Each structure stands twice: as structure tokens, then as C-alpha cells.
K.L.:
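What follows is a structure written as C-alpha cells; I'll ask about it next.
What you see is a predicted model, and the numbers here were worked out from it, not measured in a lab. Chain identifiers are assigned alphabetically (A, B, ...) following the order of the sequence lines, protein sequences preceding nucleic acid strands; residue numbering begins at 1 within each chain.
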Amino acid sequence: MCNQIHLTYVVSGEDFTRAGEASSDVKAKLKQMGVSPESVRKVAIAMYEGEINMVIHANGGTIDVEIDPNEIRMTLKDEGPGIPDIDLAMQAGYSTAPDLVRSLGFGAGMGLPNMKKYSDYMEIQSEVGVGTTVFMKVIF
Amino acid sequence: MTIKDVKEILGAKVVCCEDNLYKEVHTACGADMMSDVLAFVKDQSVLLTGLCNLQTIRTAEMMDIICIVFVRGKKPDEVMIQLAEENGIVLLTTGHRMFSACGMLYEKGLRGGAPYV
């Protein structure tokens, strides 16, 4: 019996105000499924930070979500500029966000560290000039 | 304390979701950087911020923050109010600056939750 939910979102890179809609939708679905509030919050933050990153740095992308009874797997894929040094990007406080984004309250350099903190497994693959794929798993 | 208490302590104005003023607030966070909010806030919290854009509401939604106080006289726009209403988040506005507003609530017993690790 297949108890898996599969969702796909296209994240627009054009409109910063719409950033977060995909994460909000996943959060609502997890709440409906009766997942614990703590797990829902972890997923919401991890995915939201990833979604915002996609808009800020990569002109949008796609988010693929698979939800089983015991865990959720999120694949965030973009065709942006890529990350030249992933270890550097993972450092708390390091940010390449432009000034406009900083004036909106982002660009503190905590996005990737927060994603790692709130997920149970995270993997980043990136190639400069090609794009970035972030995979995260949260166990309920 | 309740959101109604927060409103009265700050002399704040209610912008939306007046029906939720009865709700209990357990902790508070004063921040103008969204990642700070995302890293440390507990649930049933009130967020004090001068950052007045739609992503403030979205961040609050992600964190189950039940009330946002916009300090320094900042006023949310219609799109922000609509998103807050969809999620039952009470929006308050006050002319007090961040330090004063936080201090006034701290004086009445509201705390910030666990220290940074």
C-alpha cells in the first residue's frame, strides 16, 4: 500500500514577496496529516530558508517533496550560479546577498546553517555556472 | 501574559485579528534580521520588529509566532495584513523604539526563552 505523498513546487525568482508559499503549503499539509508541531516547525524553517535562498541567489527553481508516514524528503534544485566554496557558504555569518535583500531582513548568512540545524540529513551538490541541488530529510 | 496585556503595556494599536487577543504569550523575540528569528524563537511567542515587509509575516507563520509588534511607528500594508489574517497572527503597532518596547515587556515578566548555544 502506497502511503506516500509527492508534491512539486515551482519557485519564481521574479517576485520576492511570493517566496515562502511552497514552504507554507507543505507546513499546512503536514499539520493536516497530524505530524508533531515540533517536526512541522523544523520542516517549515529548513524548507523556508532553502526557498528564500533559491529566490535570493538563483532566480528561483523547483522543490520536490516526498512525505512518508515517518519522514519527509525535500529536493531543492536550481539553475543558478552555483556555490564556489560550499564549506565557506556553510559558515554562520557568511553571505553573498545583495543590499536590497539585506534591507528586507535577510542576508545574515544563517540560511544554510539553519537548514543544517533543523534537518536530520542535508546534502549539497553544486557546480559553478550550472546550478545547485540541496537535499534535506526530516524524520518525524 | 496575554496578547491583550502586551497591547496595554505598550499602548499599542491592534491592526488585525482582534479576536485572538486572549491568547497567552510565553516568550518574546526582538529582531530585525529574519534568520535570528528563525534560529531561536519558541512557539507561542511575540515578535517585536522594525522590519515591515511581507516576509516578516511569512517568517512568523513558519515559526508559529502568534503576535507581531511593529516598533518605531512602522505600519504593515494591506498584503501583509491579509496574510496575517489568514494565519490568525495578531498585528500590533507602537511608536516605542525596540529597546524601550522590549524593556517594558521584560519589566512585566516576559522573557526570551533559551540562551544562544
K.L.:
Using the salt bridge (charged side-chain N to carboxylate O under 4.0 Å, His left out) rule, take A/Asp68 and A/Lys137 through it: C-alpha gap first, then chi angles, then the decisive distance, then the call.
P.N.:
CA-CA 11 Å; A/Asp68 290 341; A/Lys137 182 160 68 173; over 6 Å; no
K.L.:
Please evaluate residues A/Tyr48 and B/Gln55 with respect to the criterion side chain to side chain donor-acceptor pair (under 3.5 Å), reporting the C-alpha separation (whole Å), side-chain torsions for both, the decisive distance (0.1 Å), and the verdict.
P.N.:
CA-CA 11 Å; A/Tyr48 177 57; B/Gln55 293 303 333; 2.7 Å; yes
K.L.:
Measure distances from B/Asp64 to the heavy atoms of chain A and classify the residue's part below 4.5 Å as side chain, backbone, both or neither.
P.N.:
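Both backbone and side chain.
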K.L.:
For chain B, find which of A/Ser103, A/Ala19, A/Ala108 contributes the most heavy-atom pairs closer than 4.5 angstrom.
P.N.:
A/Ala19
K.L.:
Answer yes or no: is there a side-chain heavy-atom contact under 4.5 Å between B/Leu105 and B/Val6?
P.N.:
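When only atoms from C-beta onward are counted, B/Val6 and B/Leu105 do touch, with a gap below 4.5 Å.
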K.L.:
Counting only non-hydrogen atoms closer than 4.5 Å, does B/Thr59 touch chain A with its backbone (N, CA, C, O), its side chain (CB onward), both, or neither?
P.N.:
both
K.L.:
Side chain, backbone, both or neither: which part of A/Lys31 has a heavy atom under 4.5 Å from chain B?
P.N.:
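Just the side chain, heavy atoms under 4.5 Å.
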K.L.:
Checking B/Met63 against B/Leu47 for the side chain to side chain contact (heavy atoms under 4.5 Å, CB included) test, could you report, in this order, the C-alpha distance in whole Å, the side-chain angles of both residues, the deciding distance, and whether it holds?
P.N.:
CA-CA 10 Å; B/Met63 302 299 302; B/Leu47 168 65; over 6 Å; no
K.L.:
Heavy-atom pairs under 4.5 Å with chain A - which of B/Leu51, B/Leu54, B/Thr49 has more of them than the others?
P.N.:
B/Leu51
K.L.:
What do the steps show when you test B/Lys4 against B/Glu8 for salt bridge (charged side-chain N to carboxylate O under 4.0 Å, His left out), and what is the final call?
P.N.:
CA-CA 6 Å; B/Lys4 185 162 186 260; B/Glu8 275 160 18; 3.5 Å; yes
K.L.:
Report which part of A/Glu49 has an atom under 4.5 Å of a heavy atom belonging to chain B: side chain, backbone, both, or neither.
P.N.:
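The side chain, not the backbone.
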